[in-house]
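Read the structure below first, then the notes.
Scope of the values below: all heavy atoms of this structure, side chains included, with no hydrogens, waters or symmetry mates.
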Amino acid sequence: NQKVPFAGMLVVHNYKYNAWSTDIFANGDGLLEFSLGKFRYLELIRSFPEEAILHHISSNVTFLIFQIHSQYQNTTISFYRTLLPNASETGTNKGLVSILRPEQSMCTWYLETLDAEPVQNVAIPLSYSERDPIPGGCNLEFDLDIDPNIYLEYNFFETTIKFAPANLGYARGTDPPLCDVGTGRDSRWRLQYDVYQYFLPENDLTEEVLLKHLQRMVQVSHVKANAVKVVTLTADDKTSVSFSSLPGQGVIYNVIVWDPLLNTSAAYVPAHTYACSFKVVEGNCASLGEYVALSYYKSFFGFAELFFIGFIFMGFFFYILITRLTPIKYDVRLILTAIAGSVGGIFLVAAWWRFGILTLCMLCVGLVLGFLISSVTFFTPLGNLKVFHDDGVFWVTFSGIVILIPVVFMGCLRILNILTCGVVGSYSVVLAVDSYLYTSLSHITLNVLRRALNKDLRSTFTNVPFQTNDFIILAVWGMLAVSGITLQIRRERGRPFFPPHPYKLWKQERERRVTNILDPSHHIPPLRERLYGRLAQIKELFQREQPAGERTPLLL
């Protein structure tokens, strides 16, 4: 780690951000000089690597973690000017651990990017003492000997983070503790790992906001103050945690390793994701067409109640069935689901219109209300309990809540119908708003649909952000539900519980017209004669008018 003169190119941006320890200054000789615990904004340009240097390291510092972050463009950080697989890392959130030698007071790293466009970054060196655990100190899976990085993978359903186990701290010039010799209190097996999750502002994909909020997830004290602890892992657990993906929502993850014997801790290098790509043309973070379309049923909330209930009932199960059993493309699945849902809606409407099967219709209505209530129940922290990671326990409990609602209200079907119209109908407003403005409340039902589609989601954490937009929309949902239920109860007061079905009313009206000769409609010609008369009138419009006067020629 000797200082190597290098004429690099430095571009420093003065962001309008009041950080507690942001340090922005230029050295003037092509080097990037850093101070411990102070953030620095910089811009890296292809073909112009930079040398980052840290002077005046205190003797009580045993190791350093230097990390650099960008939004979606890759940056490479290395111990040497020549890149080596076990001495460099490339990505958006990367860091290196530098174990200091005795009497060492200076450290150097090399930064570069291969991206064609300039890359905006924020970087910081952090120091730790010999009592602090070393993040990634017992790495056996990744390339670096000591790897403090969090490796993040995501798909449409889940986001998974992985990290290497930590090791106990040790003094300068001494050998590190062996990782897998014993499992007692004097080994790294006593260490615990706290996984933290931090949500960025909703519907904000800007680079400046990300780099600003990343600074709250780097140091141990700041992580504990700003993020939410999701789970604590022991050395016996797998160093991997899964979360439900939230496409378009920025999330930062970090892990704090804690030594319970010495009461010391250290933070890994945080990782962030939007569960979408900024680089692809279609389906990128700006459009997210499939994510909005997954709630395919939201467009049909404006139809009649029974048609809507039948559409949801049939469409929900049909979509799950064809998704799990067939490899049909996404757009085709949506079209088929819309057709199947429409058939279900028409069938339920026909069952009421023609036969008046009230029990079947109200059973479907109650099951839809029960589905929403059960989804809300598991949307709360109750859904993240370890017992519900078992699919059997989850689906039995979920189905029990769904069935309980129509059973409870089967003796007062009108109240059940009014409650469903008020609660489910007002939730349609939430889904409609989500099409234009991001809200976490749409995940109430989407989380259940995802779990039904992907069996691997049983052990994922389904945390979502709950910010200003969500509080406002939640208040609107409650207000619409209460006002809708109150209005319907007042309007239906004094009326019969349920009128006869339309087909019965139509037959009664037809018989009344046939037998009541005083009714003007009694003298209306039959439908066939009226149709023939209409066709004759239309036919006359296309006939040429006959000219008046004699046109017969004289015969000589």
Side-chain angles (χ1 to χ4, degrees), residues 32 34 39-52 64-98 109-126 135-136 139-155 158-164 195-198 200 205 207 209-215 217-218 223 239-243 245 250-255 267-280 284-285:
L32 303 176
F34 284 85
F39 294 95
R40 182 167 186 179
Y41 287 98
L42 56 115
E43 182 179 82
L44 293 177
I45 300 177
R46 186 177 182 178
S47 303
F48 290 95
E50 300 290 349
E51 180 181 357
L64 301 170
I65 298 181
F66 183 87
Q67 52 188 277
I68 186 168
H69 304 274
S70 61
Q71 187 177 33
Y72 65 92
Q73 297 166 281
N74 287 338
T75 299
T76 299
I77 178 175
S78 174
F79 287 121
Y80 311 108
R81 190 184 305 277
T82 301
L83 301 182
L84 301 175
N86 62 343
S88 63
E89 278 288 295
T90 300
T92 56
N93 305 278
K94 293 301 176 182
L96 297 175
V97 172
S98 298
W109 304 272
Y110 296 90
L111 312 174
E112 67 174 301
T113 181
L114 298 180
D115 203 291
E117 299 294 329
V119 182
Q120 307 293 337
N121 297 274
V122 62
I124 183 176
L126 298 174
N139 173 43
L140 296 176
E141 182 178 358
F142 308 109
D143 293 334
L144 295 175
D145 294 333
I146 302 176
D147 196 337
N149 297 291
I150 295 175
Y151 293 86
L152 188 149
E153 299 175 352
Y154 73 86
N155 55 37
E158 65 177 333
T159 298
T160 303
I161 63 171
K162 300 178 181 180
F163 56 94
V195 180
Y196 285 83
Q197 185 181 43
Y198 178 86
L200 296 175
L205 306 178
E207 182 178 65
V209 167
L210 170 66
L211 298 183
K212 169 185 173 182
H213 287 270
L214 269 169
Q215 300 181 38
M217 290 293 291
V218 172
V223 173
T239 54
S240 175
V241 183
S242 295
F243 301 84
S245 291
V251 189
I252 304 174
Y253 300 97
N254 206 347
V255 177
Y268 281 71
V269 177
H272 78 276
T273 181
Y274 296 90
C276 57
S277 175
F278 283 86
K279 296 182 179 181
V280 297
N284 57 25
C285 291

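Residues Phe39 and Leu211 have side chains not in contact (no heavy-atom distance under 4.5 Å, counting atoms from C-beta outward). Under the 4.5 Å side-chain criterion, counting only non-hydrogen atoms from C-beta, Val251 is in contact with Gln197.
Every residue two or more places apart in sequence or in another chain that forms a salt bridge (Lys or Arg N to Asp or Glu O under 4.0 Å) with Glu89 is listed here: Lys94. By the side-chain contact (heavy atoms from CB on, under 4.5 Å) test, Glu158 pairs with Asn155, Thr160, Ser242, Asp456, Leu457, Thr460, sequence neighbours left out. In this structure Leu83 satisfies the side-chain contact (heavy atoms from CB on, under 4.5 Å) test together with Thr76, Ser78, Ser88, Glu112, sequence neighbours excluded. His272 meets the side chain to side chain donor-acceptor pair (under 3.5 Å) test with Asn93; sequence neighbours excluded. Taking Tyr196 as the reference, nothing meets the ring-ring contact (aromatic ring centres under 6.0 Å, His included) condition, with sequence neighbours excluded. A search for side-chain contact (heavy atoms from CB on, under 4.5 Å) contacts involving Leu84 returns Tyr80, Asn86, Ala87, not counting sequence neighbours. Evaluation of the ring-ring contact (aromatic ring centres under 6.0 Å, His included) rule for Phe278 yields Tyr72, Tyr274 as partners, not counting sequence neighbours. Scored by the side chain to side chain donor-acceptor pair (under 3.5 Å) test, Thr75 finds Asn121 as partners (sequence neighbours excluded). Listed by chain and number, the residues in a side chain to side chain donor-acceptor pair (under 3.5 Å) with Asn149 are Asp147 (sequence neighbours excluded). For Phe66, the ring-ring contact (aromatic ring centres under 6.0 Å, His included) partners are Phe34, Trp109, not counting sequence neighbours. Tyr268 meets the ring-ring contact (aromatic ring centres under 6.0 Å, His included) test with Phe163; sequence neighbours excluded. Among residues two or more places apart in sequence or in another chain, the side chain to side chain donor-acceptor pair (under 3.5 Å) test is passed with Asn74 by none.
How far NZ of Lys162 is from CD1 of Ile150: 13.5 Å, rounded to the nearest 0.5 Å. Rounding to the nearest 0.5 Å places CG of Leu152 at 11.5 Å from CD1 of Ile252. The line from CG of Leu140 to CZ of Phe142 is 10.5 Å long, rounded to the nearest 0.5 Å.
Looking only at distances, no side-chain donor or acceptor of Asp115 sits under 3.5 Å from a matching main-chain atom of Gln73. In this structure, Gln71 contributes its side chain and Gln120 its backbone to no donor-acceptor pair below 3.5 Å.
The residue from Val122, Leu44, Leu96 that alone fulfils the side chain to side chain contact (heavy atoms under 4.5 Å, CB included) condition with Ile68 is Leu44.
Side chain to side chain, Thr159 and Ser245 meet the donor-acceptor criterion of an N or O pair below 3.5 Å.
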